[in-house]
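Count residues from 1 along the sequence.
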Amino acid sequence: MVYSVTGESLATGGFHMVAVQETGRSTTVLVIEDEPLIAMEIMRCVEGLGYNVLGPVNEVSDAQRIANDADFDVALIDIELRYGDESFA
């Protein structure tokens, strides 16, 4: 599953999440975001919906390492990280 969250929707408070498939355990969401205030707000919303949070991660190299090593169900990804890194590349 892929969810896209734009800066515009976060700025207007219109950020919504959809429940992911039930697996018999708590769903874990990987947060990849390099802006600290936005990352904190995403984490607050995700936790408020009852999900576990992994992260936030703010660099592509860290996100790749965690994606390979960690067990998570869905990721919320900022596609344009600082220093020109693109997380979808």
Exercise for review: Go through the structure and list residues passing side-chain contact (heavy atoms from CB on, under 4.5 Å) with Arg65, not counting sequence neighbours.
Suggested key: Asp62, Asp69
Point to revise | Glu47: partners by side-chain contact (heavy atoms from CB on, under 4.5 Å), with sequence neighbours left out | key: Val53
Study note, to complete from the structure: In this structure, CG of Leu76 is separated from CD1 of Ile38 (nearest 0.5 Å) by 12.5 Å
Review point. Quick one: which of Val57, Val60, Asn58 gives a side-chain contact (heavy atoms from CB on, under 4.5 Å) with Asp34?
Key: Asn58
**Study point:** Check against side chain to side chain contact (heavy atoms under 4.5 Å, CB included), Asp71 and Thr28
**Key:** CA-CA 8 Å; Asp71 185 27; Thr28 300; over 6 Å; no
Check your understanding: Of all heavy-atom pairs between Ser26 and Asn52, which one has the smallest distance, and what is that distance?
Key -> OG-ND2, 3.1 Å
Review point. Considering the options Glu35, Glu41, Met40, Glu33, which one meets the side-chain contact (heavy atoms from CB on, under 4.5 Å) requirement together with Leu37?
Key: Met40
Review point. So Leu54 and Val29, side chain to side chain contact (heavy atoms under 4.5 Å, CB included) or not? Walk me through it.
Key: CA-CA 6 Å; Leu54 181 59; Val29 179; over 6 Å; no
